[in-house]
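Have a look at the structure below, then the notes.
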4 protein chains.
Amino acid sequence: MSMREREAAVLPGKGESMPDLIDCRLNRDSFMPLYQQIKNWLLYKIEAGQFAEGDGIPSEVDFSRSLDVSRATVRQAFYELRLEGHVTRDKGRGTFVSPRKQP
Amino acid sequence: MSMREREAAVLPGKGESMPDLIDCRLNRDSFMPLYQQIKNWLLYKIEAGQFAEGDGIPSEVDFSRSLDVSRATVRQAFYELRLEGHVTRDKGRGTFVSPRKQP
Amino acid sequence: MSMREREAAVLPGKGESMPDLIDCRLNRDSFMPLYQQIKNWLLYKIEAGQFAEGDGIPSEVDFSRSLDVSRATVRQAFYELRLEGHVTRDKGRGTFVSPRKQP
Amino acid sequence: MSMREREAAVLPGKGESMPDLIDCRLNRDSFMPLYQQIKNWLLYKIEAGQFAEGDGIPSEVDFSRSLDVSRATVRQAFYELRLEGHVTRDKGRGTFVSPRKQP
DNA sequence: GTGGTCTAGACCACT
DNA sequence: GTGGTCTAGACCACA
């Protein structure tokens with residue numbers, strides 16, 4: 001899936017504000033699973049540099065509360081991002097944006 | 001983790017019988033997560049050829065009932081096996097042993 | 001179809017007890033599809049107030065097991081009840097009796 | 001430590017009401033560690049029969065929020081109660097009052 | 001009746 | 001107070 005498709009799925013339209021933290025909007029009527037929408041939003045934020053290398057990103061519980069989804073749904077998004085190398089997760093510390101190869 | 005370590009964690013000792021289906025024994029006092037024990041048992045079975053290529057393997061619910069664990073725990077084992085290419089999973093059909101490369 | 005016809009199709013005869021849960025009796029020799037019999041039984045229960053507004057009703061699996069029918073059969077009954085506005089279904093939570101409009 | 005001493009440390013004074021849930025009061029100026037105060041409160045409740053055998057008791061998070069202490073603090077109380085055989089803890093299920101030996 | 005998604009929690013290991 | 005494991009269910013998409 002292209003970055004453009006991801007954007008269309010969950011991001012605010014042109015002209016809307018883009019505050020710093022969890023401004024993710026979920027479309028609960030979409031064909032796309034909620035965890036995938038969260039994953040896409042995070043990928044967009046990371047690729048756009050809004051969560052920079054080494055930065056901590058909001059916790060599972062932050063997302064769970066902000067988006068009113070269960071923690072398991074958030075976890076699936078985070079889990080796949082870790083598998084794909086976009087973030088690292090440290091028990092007891094948090095989730096961090098991975099360094100990019102050859103920036 | 002070596003195949004030998006996996007075996008030690010969840011498999012019956014020498015001399016014990018090895019019936020066909022879900023003879024997996026979980027050690028609930030182990031440091032090793034239950035889903036990892038299930039994954040190891042499956043890997044052993046696949047590598048030992050007891051679930052052959054193209055074979056269907058028991059369903060999530062079969063494992064869940066046989067081992068008295070929740071379906072989510074079984075799923076994590078199956079999910080990782082799929083990511084690592086050991087099995088394929090078809091919605092509505094089942095889980096199958098992947099073909100090996102250059103056997 | 002009138003409530004009376006529905007009743008004749010799947011409900012216990014007069015004088016039989018009417019316990020709380022799935023006392024639905026299917027007539028497998030009937031011209032009427034099984035899913036329709038289930039739907040009728042549910043409509044009767046709802047209209048009779050035995051599943052009140054906001055109440056959760058038994059799950060797909062409950063019906064499937066109790067009646068020894070496939071889940072797809074149960075789903076068709078639930079699906080039509082949702083389309084007709086008699087119930088709402090929340091993923092991961094359950095199926096609930098819809099509020100009536102101006103009773 | 002006697003039951004009377006425990007009581008003095010964390011329980012409401014005479015004449016105060018004793019509601020059902022987490023009415024534990026911590027004395028943050030006490031020489032006694034917070035985890036010990038929590039442990040004492042729980043022991044009092046169990047011995048007084050307010051959490052009966054087999055009952056589930058409030059979760060780590062319940063205590064942590066109600067008392068505004070870290071979860072590690074609550075855990076230490078629960079941990080010692082488990083070591084001493086007063087409660088059992090089941091992952092994913094909860095914490096339960098242990099049966100007494102020959103009462 | 002399978003695998004896929006989701007809920008609403010719990011306890012566990014660690015910082 | 002984080003991420004990790006687990007429970008015990010639910011409904012959904014598909015065959």
Side-chain angles (χ1 to χ4, degrees), chain A residues 26 28 31-38 56-62 64 68-79 82 87-96, chain B residues 26 28 31-38 56-62 64 68-79 82 87-96, chain C residues 56-62 64-65 69-75 78-79 82 87-96, chain D residues 56-62 64-65 69-75 78-79 82 87-96:
Chain A
L26 297 181
R28 286 171 188 270
F31 66 91
M32 188 183 293
L34 297 179
Y35 79 86
Q36 184 69 50
Q37 295 183 39
I38 295 169
I57 68 183
S59 73
E60 293 177 351
V61 172
D62 289 337
S64 175
D68 198 26
V69 296
S70 86
R71 198 185 145 201
T73 300
V74 179
R75 267 191 78 71
Q76 185 158 356
F78 278 47
Y79 180 69
R82 191 191 59 185
V87 301
T88 58
R89 317 196 74 195
D90 290 350
K91 193 190 292 190
R93 299 212 314 120
T95 301
F96 305 90
Chain B
L26 297 181
R28 287 171 187 270
F31 66 91
M32 188 184 293
L34 297 180
Y35 80 87
Q36 184 69 51
Q37 295 183 40
I38 295 170
I57 68 183
S59 72
E60 292 178 351
V61 172
D62 288 338
S64 174
D68 197 26
V69 297
S70 85
R71 198 184 144 202
T73 299
V74 178
R75 268 191 77 72
Q76 185 158 355
F78 277 48
Y79 180 70
R82 190 190 60 185
V87 300
T88 58
R89 316 197 73 195
D90 290 350
K91 194 190 291 190
R93 297 212 315 121
T95 301
F96 305 90
Chain C
I57 69 183
S59 73
E60 294 178 353
V61 171
D62 288 338
S64 173
R65 287 184 186 153
V69 297
S70 129
R71 282 186 55 185
T73 301
V74 179
R75 272 190 74 71
F78 278 46
Y79 176 71
R82 192 188 55 184
V87 301
T88 59
R89 316 196 75 196
D90 290 351
K91 192 190 284 194
R93 298 211 320 117
T95 301
F96 304 90
Chain D
I57 68 184
S59 73
E60 292 178 354
V61 171
D62 288 337
S64 173
R65 285 186 186 152
V69 296
S70 128
R71 283 186 54 184
T73 301
V74 179
R75 271 189 74 72
F78 278 46
Y79 176 71
R82 192 187 56 184
V87 302
T88 58
R89 316 197 74 195
D90 290 350
K91 193 189 285 194
R93 298 211 319 120
T95 300
F96 303 90

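Quick caveat, the model's predicted, so the values are computed rather than measured. Just so you know, these numbers use all the heavy atoms, side chains as well, and skip hydrogens, waters and symmetry mates. Letters A, B, ... mirror the listed sequences (proteins, then strands); counts begin at 1.
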Check: Is any side-chain heavy atom of A/Phe96 less than 4.5 Å from a side-chain heavy atom of A/Asp90?
Finding: yes

Can you measure from [atom1] ([X]) to [atom2] ([Y]) and round to the nearest 0.5 angstrom?
{"X": "D/Arg89", "Y": "D/Tyr79", "atom1": "CZ", "atom2": "OH", "result": "11.5 Å"}
{"X": "C/Ser59", "Y": "C/Arg65", "atom1": "OG", "atom2": "CZ", "result": "8.0 Å"}
{"X": "C/Arg71", "Y": "C/Ser64", "atom1": "CZ", "atom2": "OG", "result": "7.0 Å"}
{"X": "C/Thr88", "Y": "C/Arg93", "atom1": "OG1", "atom2": "CZ", "result": "8.0 Å"}
{"X": "A/Arg75", "Y": "A/Arg82", "atom1": "CZ", "atom2": "CZ", "result": "7.5 Å"}

Whole angstroms only, please: what is the [atom1]-[atom2] distance between [X] and [N]?
{"X": "B/Leu26", "N": "F/dT5", "atom1": "CG", "atom2": "C1'", "result": "14 Å"}
{"X": "B/Leu34", "N": "E/dA13", "atom1": "CG", "atom2": "P", "result": "12 Å"}
{"X": "A/Asp68", "N": "E/dA8", "atom1": "CG", "atom2": "C1'", "result": "11 Å"}
{"X": "C/Asp62", "N": "F/dG9", "atom1": "CG", "atom2": "C1'", "result": "10 Å"}
{"X": "A/Ile38", "N": "E/dT7", "atom1": "CD1", "atom2": "C1'", "result": "13 Å"}
{"X": "B/Phe31", "N": "E/dC14", "atom1": "CZ", "atom2": "C1'", "result": "18 Å"}
{"X": "B/Arg28", "N": "F/dT7", "atom1": "CZ", "atom2": "C1'", "result": "10 Å"}
{"X": "C/Arg65", "N": "F/dG9", "atom1": "CZ", "atom2": "C1'", "result": "11 Å"}

Within the sub-3.5 Å range, which N or O atoms of nucleotides 11-15 of chain F have a protein N or O partner, and how far apart are they?
from   : atom 1 : to      : atom 2 : distance (Å)
F/dC11 : OP1    : C/Thr95 : N      : 3.3
F/dC11 : OP1    : C/Thr95 : OG1    : 2.8
F/dC11 : OP2    : C/Glu60 : N      : 3.2
F/dC12 : OP1    : C/Arg82 : NH1    : 3.4
F/dC12 : OP2    : C/Arg75 : NH1    : 3.0
F/dC12 : OP2    : C/Arg75 : NH2    : 3.4
F/dC12 : OP2    : C/Arg89 : NH1    : 2.9
F/dC12 : N4     : C/Arg71 : NH1    : 3.3
F/dC12 : N4     : C/Arg71 : NH2    : 2.6

Note to self: Test of understanding: with side-chain contact (heavy atoms from CB on, under 4.5 Å), list the residues that count as partners of A/Thr73, not counting sequence neighbours.
What the structure shows: A/Leu34, A/Tyr35, A/Ile38, A/Val69, A/Ser70

Check: Between which residue ranges does DNA chain E form stems of three or more consecutive Watson-Crick or G-U wobble pairs, both distances under 3.5 Å?
Finding: E:1-14 with F:1-14

Item checked: Main-chain N/O of C/Val74 paired to C/Glu60 side chain as donor or acceptor, under 3.5 Å -> no

Next item on the list: May I ask you to evaluate whether A/Gln76 reaches the phosphate of E/dT5, defined as a side-chain N or O under 4.0 Å from OP1 or OP2?
Entry: yes

Next item on the list: Check whether any side-chain N or O of B/Thr73 sits under 4.0 Å from OP1 or OP2 of F/dT5, and answer yes or no.
Entry: no

